[in-house]
Amino acid sequence: IVPLAVSVNRFEVPQAAPVAVFKLSQDFSNDQFPQKVNLGVGAYRTDEGQPWVLPVVKKVEKIIVHDDRLNHEYLPILGLPEFRSSASKIALGDDSPAIQEDRVGAVQCLGGTGALKMGAEFLRRFYNGNNNTKTPVYVSAPTWENHNAVFANAGFDDVRPYKYWDAENRGLDLAGFLGDLESCPEHSIFVLHACAHNPTGTDPTQEQWMQIADIMMRRKLFVFFDSAYQGFASGSLEKDAWAVRYFVSMGFEMFCAQSFSKNFGLYNERVGNLTIVAQDADNLKRILSQMEKIVRTTWSNPPSQGARIVAITLNSPELFSEWKDNVKTMADRVLLMRAQLKAKLQALGTPGTWDHITEQIGMFSFTGLNSKQVEYMVKEKHIYLMASGRINMCGLTTKNIDYVAESIHETVTMVQ
Amino acid sequence: MFVSLKLVPTEHVSLRQCGILTSHKELILSIRSTACYRSMANSAITLVSWWGGVQMGPPDPILGVTEAFKRDTNPKKMNLGVGAYRDDQGKPFVLSCVRKAEAIITSKQLDKEYLPIGGLGEFSKACAELALGADSEVLKSGRNITVQTISGTGSLRIGANFLSRFHGGPLDVYLPKPSWGNHTPIFRDAGMQLKAYRYYDPSTCGFDFKGALDDISKIPEQSVIMLHACAHNPTGVDPRPEQWKEISDIVKKRNLLVFFDMAYQGFASGDIDRDAWAVRYFIEQGHNIVLSQSFAKNMGLYGERVGGFTVVCNDAEEAKRVESQLKILIRPIYSNPPMNGARIAATILNTPDLRSIWLGEVHGMANRIIKMREQLVAGLKKEGSSHNWQHVIDQIGMFCFTGLKPEQVERLTKEFSVYMTKDGRISMAGVTSGNVGYLAQGIHAVTK
């Protein structure tokens, strides 16, 4: 059997670099050091360092498997209706005026990524003219590394950073952020992190959000929220949705990409929702009809299992209550690890200030370690974190926190 | 031009609460066609939507049929639109091997950690083996890359994106005429041009073999040709093995890249190896194909979105490079695929008992369809139809291209509440022993 000779040159396919965060996990896996710690990929871990399937999820899965009325038929193109509406309610609030006014719709998508993708594809086709690929898309500096690729792949030529992280002061560069909002081209699209900014863990305060909203409204900028950690950041769904709800009340027509990967622990079931806030029901209808076309050529209709789990949970008062408890459990453990890490670093007299560890919120912390220090942590101490200095707080446990604190202390003292 | 209003910012008020929207409708309509904009100062109100120019999209031609069917109140209505299998009571069928697999999976209490970008390894491996055969030289030499995808659509989408980015030849995809309706927008969205080769012969309701060979022989070198591996959608017309051999020869001569779409393996003849024959033959003949697979129909896992995309490469090293690029394509679309369906499929394929049960159930589904074909033709004869309906039996798989013209289809829908696509395609899966007589009546009525 001889492969066609001509096919040798058919694909000019260079080897692509691996995605950094997955390479980190791979390297961690291969490491034999007994005290190794993985502070890389963003998934929750228990204090035993184990993945955690939420008790409410286990309960609901049992319900599903024993319900003979359920089958594996196609969902509608836009997804499971009970999921879409209850997911949007979670973001916007049960009593949201926008929902009452019938101008909120949703598209069930494959995770937060899928929701961003659908929103991006729609915007490229219909926002700021037709197929205007030149509209600038602004993502925070730094941001989740996949944001760039999602919008670029959707066809946008111009994906740019907006100032966000002040490395020197380890906080929000508000002046820079507001400055970019004032000077960017009108109609630019801004990807905003609803809460628990990834990777810095630094969120604007409510007053700062209000300033941001004012400028965005005045300069006709498009609001695209990425909400991947609702509930997970503070432990309160309402608190974590404050920014999104404020912008809705301001009257923006906006998108909010929601992920249920973290707050439901449903990472591999790909549960996401693109919530669309339109000006009125007629606009919404037309938007959704065009969304259907985009969905149809990407995945036809979304997977049912994860959406069913979320819908059943959100629509049952008991299960909903249980879920909120589960979410609080996760958020509380993260808060505890933050408090303990800071306390230990301060007790060790580690050079530098460490308040940012408890001021930052959510799964991630931008430690402030530079790339040389990160390299030292990985190579010498077998503690795996992103080159940016980002750590996943969930990787910390009562068993390894001393080792990590001591290692940070050693690193900061030995390496500048 | 715009109007701005000041509100005392004591609380967040909505547009409706201000009673603004309706009174400004005319104003909005008159300036909608110009640039959409907003004007705000402090707490003024927005007027003009970004989306004024967004048109209402047309209903999906296939899935839209089900929508219309749902709205019909006729108790005798039949949904012969979308290709989803129904049992002889007209009910969705959850395979028992699927239920058994689900029970096993539940008992394992697995975590829900992200899958790799390319999906569940044990699924991808089993998926490739199913298509290529366990003894395939391709698998032995590791020169394929198979990734888990979002069912068949997702697979075609990834394939189209991959070709669009890396194919060295013309970005022209030649589809059989006709082909599945969704093929065209998928490839077009990925930036490829759509062309066609003759396939269906309406005068015989069969394969236009001469026309196909003739057209294929003229396709510019290194273009992409789409072939339906078995149970052609929408016509149900498949080439015979001798015809496949000639197609392979001419495709080789023209140096075309073969893209196989195999959405019905097992479902066509009832035998998974028989249905994969064309795919395996082409590979043996040296074509380095790309292949889309779906488990929606043959495992009844429609809504779980289980599929695979395979690239057959020159060697394992090329396969590694291709894999790395597929990951780069997948990540910005959905990051990584859903676990549930792939886990079920892998469990079935890799557990000998369940695999046997599955093969039996696929065989059963295919047989029921074959029986319905025979009963429909018998019914038409009984009604006194003078037409030749042999094609209903000769065609294979879920769909039957009845040969009905659009006006006849419309009458069938309006007068008999039989729902199908305008091209005359019916899903045999929606036919039961209980309604096949009614269907024969209806078809006879509109064709006599």
Side-chain angles (χ1 to χ4, degrees), chain A residues 1-4 6-16 19 43 51 53 65 71-75 77 97 101 110-111 113-114 117 126-127 146 149-150 153 217-218 220 249 251 253 265-270 278-280 283 286-287 289-290 292-293 296-300 303-306, chain B residues 12 14-17 21 37-38 40-41 45-46 49-51 54-57 60 63 84 92 94 102 106 111-115 137 150-151 153-154 157 166 168 182 185-186 189 255 257 284 286-288 300-305 314 321-322 324-325 328 331-335 338-341:
Chain A
I1 303 135
V2 178
L4 292 174
V6 64
S7 68
V8 169
N9 291 322
R10 181 155 300 165
F11 295 141
E12 298 294 336
V13 182
Q15 177 79 27
V19 178
V53 178
V65 109
N71 53 42
H72 294 288
E73 292 298 293
Y74 288 124
L75 285 181
I77 299 176
E101 288 156 17
L110 271 80
T113 306
K117 166 71 171 179
F126 297 109
Y127 176 69
N146 206 16
V150 169
N153 270 260
M217 183 61 86
R218 176 169 36 86
K220 302 158 196 145
S249 74
E253 288 175 298
L266 285 173
Y267 307 94
N268 68 20
E269 298 293 5
R270 315 313 292 128
Q279 192 182 75
D280 55 49
N283 267 296
R286 285 180 282 111
I287 294 168
S289 75
Q290 294 295 347
E292 279 194 355
K293 286 177 71 178
R296 186 66 163 134
T297 59
T298 314
W299 54 61
S300 268
S304 68
Q305 180 72 354
Chain B
H12 305 307
S14 77
L15 300 173
R16 192 60 49 84
Q17 284 170 305
L21 278 181
Y37 53 79
R38 296 154 180 275
M40 268 290 275
I45 295 172
T46 63
S49 168
W50 294 125
W51 313 123
V54 174
Q55 304 299 316
M56 189 70 191
D60 183 276
L63 300 175
V94 177
E102 286 176 312
T106 306
D111 65 39
K112 299 218 168 279
E113 294 299 288
Y114 288 123
L115 284 177
E137 161 274 324
I150 316 299
S151 205
T153 301
R157 185 42 189 254
F166 293 106
N182 208 17
I186 289 173
D189 265 18
N255 193 11
L257 172 57
E284 278 167 33
H287 299 271
N288 277 358
L301 289 173
Y302 308 91
E304 303 295 339
R305 320 309 292 127
N314 278 341
R321 282 184 282 117
V322 169
S324 72
Q325 295 294 350
I328 300 285
R331 175 93 165 132
I333 303 178
Y334 54 85
S335 277
M339 162 70 93
N340 196 48

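Note on naming: letters A, B, ... go to the chains in the order of the sequence lines (proteins, then strands), and numbering restarts at 1 for each one.
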When you measure from the side chain of B:Ser324 to the backbone of A:Ala16, do you find a donor-acceptor pair of N or O atoms at a distance under 3.5 Å?
yes
Heavy atoms of A:Val150 and B:Pro332 approach each other most closely as CG2-O, 3.5 Å
Is it the backbone or the side chain of B:Asp111 that comes under 4.5 Å from a heavy atom of chain A, or both, or neither?
both
Sort B:Asn182 into side chain, backbone, both or neither according to what part of it lies under 4.5 angstrom from a heavy atom of chain A.
side chain
How far does CZ of B:Arg157 sit from OG1 of A:Thr298, to the nearest 0.5 angstrom?
5.0 Å
B:Ser49 and A:Asn283 have their tightest heavy-atom pair at OG-OD1, 3.2 Å
Donor-acceptor contact present, side-chain A:Arg286 to main-chain B:Val54, <3.5 Å:
yes
Determine, using ring centers only, whether A:Tyr127 and B:Trp50 are less than 6.0 Å apart.
yes
Minimum heavy-atom separation for B:Lys112 and A:Glu269, please, with both atom names.
NZ-OE2, 3.4 Å
At their closest point, which heavy atom of B:Gln325 faces which heavy atom of A:Gln15, and how far apart are they?
NE2-C, 4.0 Å
Criterion side-chain contact (heavy atoms from CB on, under 4.5 Å) on A:Arg270 and B:Tyr114, from CA distance to verdict:
CA-CA 9 Å; A:Arg270 315 313 292 128; B:Tyr114 288 123; 3.6 Å; yes
Donor-acceptor pair, distance only, cut-off 3.5 Å: does the side chain of A:Ser289 make one with the backbone of B:Gly57?
yes
Interchain contact, B:Ser335 with chain A, by part (heavy-atom threshold 4.5 Å)
both
Tell me every residue that passes salt bridge (Lys or Arg N to Asp or Glu O under 4.0 Å) with B:Glu304, counting only those two or more places apart in sequence or in another chain.
none
Any idea which heavy atoms bring A:Glu73 and B:Pro92 closest together, and the distance?
OE2-CB, 3.5 Å
N/O donor-acceptor pair under 3.5 Å between A:Asn268 side chain and B:Glu113 backbone:
yes
Given the options A:Val65, A:Ile287, A:Leu75, which has more heavy-atom pairs under 4.5 Å with chain B than any of the others?
A:Ile287
Toward chain B, the part of A:Asn71 with a non-hydrogen atom under 4.5 Å:
both
Distance col, row A:Gln305:CD vs B:Leu301:CG, nearest 0.5 angstrom, shows 11.0 Å
Heaviest contributor of heavy-atom pairs below 4.5 Å to chain A, chosen from B:Arg331, B:Glu102, B:Gln55, is B:Arg331
Going from OG on A:Ser304 to CG on B:Asn340, what distance comes out if it is rounded to the nearest 0.5 angstrom?
7.5 Å
Checking B:Arg321 side chain against A:Pro14 main chain: does a donor-acceptor pair fall under 3.5 Å?
no
Do A:Ser300 and B:Arg305 touch side chain to side chain, with heavy atoms closer than 4.5 Å?
yes
Using a cut-off of under 4.5 Å on heavy-atom pairs, state which of A:Leu110, A:Asn146, A:Ile77 scores highest against chain B.
A:Asn146
Residue part contacting chain A, namely of B:Ile333, when any heavy atom lies under 4.5 Å:
both
